[in-house]
Amino acid sequence: MERTVPDRPALDGLEEKWAARWEADGTYRFDRSTPRERVYAIDTPPLTVSGSLHVGHAFSFTHTDTVARYKRMRGFSVFYPMGWDDNGLATERRVQNYFGVRCDPSLAYDPSFEPPGSSGEPVAISRPNFVELCLRLVAEDEKAFEAVWRRIGLSCDWSHFYTTIDEASRRASQRGFLRLLARGEAYTAEAPTLWDVDFRTAVAQAELEDRERPGAYHRLCFHAADGSDLLVDTTRPELLPACVAVVAHPDDDRYARLTGSTVRTPLFGAEVPFVTHPLAQPDKGTGAAMVCTFGDTTDVTWWRELSLPVRAVVGRDGRLAPSPPEGLAPGGAELYRSNLAGLTVRQAQRRVVELLRDSGEMQGEPRPITHPVKFYEKGDHPLEIVTSRQWFFRTIAHRDELLQRGAELRWHPAHMRSRYEHWVEGLTGDWLISRQRFFGVPFPVWYRLDTNGRPDYSDPLLASEESLPVDPSTDAPPGFDESQRGKPGGFAAEPDVMDTWATSSLTPQIAGRWEDDPDLFARVFPMDLRPQGHDIIRTWLFATIVRSHLEFGCLPWRDAAISGWILDPDRKKMSKSKGNVLTPMDLLVRYGSDAVRYWAASARLGTDTAFDEGQMKIGRRLAIKILNVSRFVLTLPQGDEPPAGAGNLEPVDASMLASLDALVAEATAAFEGYDHARALERTETFFWSFCDDYVELVKNRAYGALGESRALSARLALEEALSALLRLFAPFLPFVTEESWSWWQDGSVHRAPWPSPGSTGGDPSVLHAARRVLAEIRRAKTEAGASLRAEVAKTTVSGPAALLGAVEAADDDLRQSGAVADLQLVEAGGDLAVEVVLA
RNA sequence: ACGCCCGUAGCUCAGUUGGUAGAGCAGAUGGCUUACAACCAUCAGGUCGGCGGUUCGAGUCCGUCCGGGCGUACCA
């Protein structure tokens, strides 16, 4: 092949040039005729399209890309789709702010609606209008994401692109739901549920987070039947009207006399049973606790296990219900109506405290504390517990099987398995999948309405699999027509949508086109790799295992590669207010994509990593060095002789190639163990030594200073090493390696075979010894303040025979590179010693 | 409270079954050397968080404590 090497190679413009070429050539296209055993399938994380990309995204996706590129060079057909997770609350919230709207499902669709913009009071719009806006905004965001992914050189196959709201995803999600429902693994139930009062939706255990909040113990006086006071500490006095019992530990002698009796609540005068339960802790507060429906999850346990009634007071809007619950004394009910109805929880707490002070039923003042409170991770107010009808997937019944799946999975790094195990062991209930929201995959479910127009939830009407995806709010169920919607004897749609995890848990099924394309699915599922961050082990990873286990009885993938987080240089979260946030695109433009990838790939899996522009500068330097050394190797004067066989290589050249073989073996083993950072680090170390020592050593010979035959050996070795190094670097620095490869090779380096160790029979100790001597010569010159080109009158190397033999094998190269007039070898005991006399 | 990870040079980190502490950056000094001044060479930086133990020998293995991060649980 004709060589075309630019005079002044540079990084500028490589990204645009090669991204376009790869797209045009289909370099990364998945070959779906490949048999399963030659396919390597990756279950890509569909990023939440929230409108802003973070460097952390570029970080973890680069890790995955290095593996994809490695496997491709190993001859696998790599199935590397790309997707966006656009459905769900993140998008809804962004749409509300961006367009100045809010969704009101009771409104009718307005085909001519145009959003008002973000200023002013939000405009209420119909659900179909709202979904349209979601899709519009998501499309804009996705364009920006794709531009970054292309710029950073992700080798995904854009023809296998999906979003979690697209038609195929909705079909897969609804199909998966119907299959689990048919098998009894999905069910609907009315139950106390953790509830976000701002978003007005149920939330799942996986979406909780604890936050330390100020609170206060209030010591309340309940009244026992014998006229004595019973003191109870609570942090939530506003729930007093919801009190259904007082509980103490069965072994707590202080309260033994009360067990089985009733006590009367302060202010509201409800008669509630005094009960015992082992969860009550004698050392907390007074040892007696009030049970409310519902103040926390322990209340739910007590309520269920002690068969207590429900006296709900907090509504779905986070305010106290307009009417008092059953069971209050008449005066108490009136007190509730005139003082508490309609108040927020905070307002109600203040009012109840005032009332308690007035009635003398609070002992002392509230004692401030801070305590952990459960929040929805995206929410601003503490979660309440309200009773509502929800949909669930069964997980508790499968806990042991799910633990077993976690044990089968190969985790990288291995210790991430314990996070999964802790999560599964700590599950407290089945997986809650329904959300009272708008932009999500709807349940393919309707309910019959009885003659009074009331829905029958016990026997839902289901869509057929052939009809999927359906929207029950606009499609009629089988056997009905639209005119019967909402009419007695007709039907009503299930109003909820599925949580986004209920769909994204199917990414292997979605990307593999489960049931839509059985041939493809059989070639890619179960997949090989799940790459993701450690923060979503309890959500995405867990959920995907649940779905695969319940549907197929197997793991969805064999390996999980868990990336760490990106930290600010000062170990803190980056913040926009500090003005130090750089978008990935800024960095890609400033340092070049290969440089940013170098920084990302330098970090091992599972390790949180400091954002470090210094590393990007080093990566940029490495990329430039690759261009320059390529230019050197490829523009050496070409002789006339035909290529000699490997047996004719000079010992120094064979020695270098032997070390290269060891490097190839090491880098390969590192990649096989999902340790991309080690593969990069070893390759980089070898590369710099190759440039600084080997190239300097043989440079003059390669130019022909010792004759054409010996020059040829150097050139062959240099080219072989360059070829291997470009391929070893290709997974990390795809642009600069492709550029250099294109100067002298056909096809893409990313389709070239991964290097395999040759059999040059070289002795690594030759180059090793020569480097030591060369270093001593350099030191002597530097210490004399002389140029490295300065002449050396005499160099004497002394040492044991074996080492001297190695030096002798490189003696002409040492004379040339060191400008040494006289090189003497003297056998002696001990280690190698070098004496240098400058001219 | 329990579990997991981390603590090595000023900074970022290597250190694979125990065998004389490594690299890059930053710093100092010198050099325009026909691939590369966006370059090169040389130098100087460390009681490997503390204490104890096993061993001929511990950054590495065991125990314990301290500091940091995360996870799970608890939430009256």
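In this text the structure is predicted, and so the values were computed from the model without any measurement. Values below: every heavy atom of this structure, side chains too, minus hydrogens, waters and symmetry copies. Lettering of chains follows the sequences in order, A, B, ..., and the numbering in each one begins at 1.
Arg789(A) comes within 4.0 angstrom of a base, heavy atoms only. Looking at heavy-atom distances under 4.0 Å, Lys374(A) makes contact with a base. Within the nucleic acid shown, Glu783(A) has no heavy atom closer than 4.0 Å to any nucleic acid atom. Within 4.0 Å of Thr286(A), counting heavy atoms only, lies no atom of the nucleic acid at all. Counting any heavy atom pair closer than 4.0 Å across all strands shown, Val695(A) reaches a base atom. At a threshold of 4.0 angstrom between heavy atoms, the contacts of Ile624(A) include nucleobase atoms, whether or not backbone atoms are also involved. Residue contacts shown for Cys292(A) are absent, as no nucleic acid heavy atom lies under 4.0 Å away.
Within the 4.0 Å cut-off from OP1 or OP2 of C70(B), not a single side-chain nitrogen or oxygen of Arg419(A) is found. Between Arg621(A) and the phosphate of C25(B), there is a side-chain N or O to OP1/OP2 separation shorter than 4.0 Å.
U8(B) and G46(B) are spaced 7 Å apart, taking the C1' atom of each and rounding to whole Å. Rounded to a whole angstrom, the distance from the P atom of G3(B) to that of G59(B) is 27 Å. With both ends at atom C1', the span from G45(B) to A26(B) equals 11 Å, rounded to whole Å. Comparing the same atom, P, in G24(B) and in U17(B) gives a spacing of 24 Å after rounding to whole Å. Separation of the C1' atoms belonging to G27(B) and U12(B) is 16 Å when rounded to the nearest angstrom.
Of all nucleotides listed (G3(B), A14(B), C40(B)), A14(B) comes nearest to the side chain of Glu681(A).
Only Arg604(A), listed by number, bring a heavy atom of residues 590-605 of chain A to less than 4.0 angstrom from any atom of RNA chain B.
When Watson-Crick and G-U wobble pairs are counted only if both distances are under 3.5 Å, G7(B) pairs with C66(B). For U72(B), the paired nucleotide is A1(B), the pair qualifying as Watson-Crick or G-U wobble because both relevant distances are below 3.5 Å.
Between Glu681(A) and Arg678(A), none of the side-chain N atoms (NZ, or NE/NH1/NH2) sits under 4.0 Å from a carboxylate O, so this pair counts as no salt bridge.
For the pair Asn700(A) CG and U33(B) C1', the computed distance is 10 Å after rounding to whole Å. One can place CG of Leu680(A) at 12 Å from C1' of A14(B), the figure rounded to the nearest angstrom.
Nearest heavy atom pair, residue Leu239(A) against residue Val314(A), reads CD2-CG2, 3.8 Å.
The base of C74(B) is paired with the side chain of Asp210(A) by a donor and an acceptor separated by under 3.5 Å.
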